[in-house]
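Order of listing sets the numbers, starting from 1, for every ligand and every atom in it.
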Amino acid sequence: MPIFIPFHEHADSRGNLVPIESKRDVPFSIERVYYIWGVPQEERRGGHAHKTLEQVLICLSGSVTILLDDGFTREEIQLNNPCKGLLINRPTWREMYSFAPGTVLLALVSEPYNENDYIRDYKEFSQWIKQGCDR
Ligand code: T46
């Protein structure tokens, strides 16, 4: 179920650089960027799905566990590589936890922030999926 995007890394003796361009390295126009850091190890984030937005999550440093649930199956993955993005482009319930100290999680997003795009109740998400995700 998870879709990973490998980014091209420019590495030399000075270190590493990864460029990311809208609609070239990610399959949508990037309308928003946010990042999450300083998450205590026992905390969980997410716990919602989105109706329309697509995003790519990149763990710039450290590591984090991401739970993905498409309404039928659940999968846990670990993000810990700044050269690899996790594309979430379908209705997916997501939770993030087990942030290692120093973790920075970057999100590239296809839409401006809109609280109406969130489904924050798992039962509602599950029913919405079973009804065919009418948007
Ligand atoms: C997602 C996961 C991976 C804004 O004002 N603008 C923004 O662009 C975002 C993302 C959040 N906010 C505000 C809304 C809340 O008052 O920041 C606060 C924390 O947001 P939230 O509780 O939604 O954070 P997470 O980590 O639970 O979820 C975030 C994203 O919201 C969500 O789209 O997929 O990261």
Side-chain angles (χ1 to χ4, degrees):
M1 178 172 60
I3 305 168
F4 291 107
I5 301 178
F7 298 121
H8 181 58
E9 180 185 11
H10 299 261
D12 60 35
S13 57
R14 299 167 301 163
N16 313 308
L17 183 153
V18 170
I20 299 177
E21 288 190 23
S22 230
K23 295 197 266 186
R24 187 191 73 169
D25 303 297
V26 297
F28 52 77
S29 171
I30 299 169
E31 297 298 322
R32 178 164 54 106
V33 171
Y34 65 89
Y35 44 94
I36 294 169
W37 82 106
V39 181
Q41 246 172 320
E42 68 282 4
E43 288 293 342
R44 296 175 80 92
R45 301 192 64 108
H48 56 249
H50 284 284
K51 293 180 194 156
T52 58
L53 77 71
E54 300 178 33
Q55 60 183 336
V56 173
L57 296 177
I58 307 162
C59 187
L60 295 183
S61 81
S63 81
V64 57
T65 303
I66 315 265
L67 170 81
L68 300 172
D69 179 333
D70 64 4
F72 300 98
T73 53
R74 294 198 140 200
E75 190 161 350
E76 258 186 350
I77 57 154
Q78 210 176 17
L79 276 190
N80 55 13
N81 181 347
C83 299
K84 196 164 94 170
L86 170 67
L87 172 65
I88 307 178
N89 61 354
R90 273 169 267 185
T92 306
W93 184 266
R94 80 283 315 260
E95 296 176 25
M96 301 94 79
Y97 43 89
S98 300
F99 285 77
T103 295
V104 181
L105 182 64
L106 174 72
L108 310 174
V109 193
S110 65
E111 309 284 339
Y113 179 71
N114 176 8
E115 184 56 37
N116 294 329
D117 193 59
Y118 285 74
I119 302 177
R120 295 189 181 273
D121 179 80
Y122 186 80
K123 237 189 209 167
E124 189 188 329
F125 167 70
S126 179
Q127 281 165 359
W128 182 64
I129 291 288
K130 277 156 197 145
Q131 286 159 6
C133 312
D134 52 327
R135 291 173 184 184

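At a distance under 4.0 Å, no protein heavy atom can be found next to atom 18 (C) of ligand 1. Per-atom contact check: atom 6 (N) of ligand 1 touches the protein, criterion being a heavy-atom distance below 4.0 Å.
Atoms of ligand 1 lying under 4.0 Å from at least one heavy atom of Met96, given by number and element, are 2 (C), 3 (C), 26 (O), 35 (O). Using a 4.0 Å cut-off to heavy atoms of Ile36, the atoms of ligand 1 that qualify are 26 (O), 35 (O).
Of the protein's non-hydrogen atoms, the one nearest atom 33 (O) of ligand 1 is His50 NE2, 2.6 Å. Among all non-hydrogen protein atoms, the one lying nearest atom 29 (C) of ligand 1 is Tyr34 OH, 3.5 Å. Scanning the protein for heavy atoms near atom 10 (C) of ligand 1, the closest one is Arg32 NH1, 3.4 Å. Scanning all protein heavy atoms for the shortest distance to atom 27 (O) of ligand 1 gives Gly46 N, 2.8 Å.
Summarising the contacts of atom 28 (O) of ligand 1 with Gln55, Arg45, His48, Glu95, the nearest heavy atom is found in His48. Closest to atom 14 (C) of ligand 1 by heavy atom, among Tyr113, Tyr118, Tyr35, is Tyr113.
The part of Arg120 lying near ligand 1 is the side chain, judged by heavy-atom distances below 4.0 Å. Heavy atoms of Val109 found under 4.0 angstrom from ligand 1: none, in either backbone or side chain. When non-hydrogen atoms are compared, ligand 1 lies under 4.0 Å from the side chain of Arg94 (C-beta onward) but not from its backbone.
Stacking of Arg45 on the aromatic ring of Tyr34 is not recorded, the 6.0 Å distance cut-off and the 45° axial limit not both being met.
Between Arg120 and Glu115, at least one side-chain nitrogen of the basic residue sits less than 4.0 Å from a carboxylate oxygen of the acidic one, meeting the salt-bridge criterion. Taking a cutoff of 4.0 Å between a charged side-chain nitrogen and a carboxylate oxygen, Asp12 and Arg14 qualify as a salt bridge.
Using a 4.0 angstrom heavy-atom cutoff, Ala107 does not count as in contact with ligand 1.
The shortest distance between side-chain heavy atoms of His50 and Tyr118 falls below 4.5 Å. Put simply, the side chain of Leu60 does not reach to within 4.5 Å of the side chain of Tyr35, judged on heavy atoms. Under the 4.5 Å side-chain criterion, counting only non-hydrogen atoms from C-beta, Pro27 is in contact with Leu87.
With sequence neighbours excluded, the residues forming a side-chain hydrogen bond (donor to acceptor under 3.5 Å, both in side chains) with Glu95 are Arg44, Trp93, listed by chain and number. Looking at residues two or more places apart in sequence or on another chain, you find no side-chain hydrogen bond (donor to acceptor under 3.5 Å, both in side chains) involving Arg24.
In terms of heavy atoms, Val39 sits closest to Ile36 at CG2-CG2, 3.5 Å.
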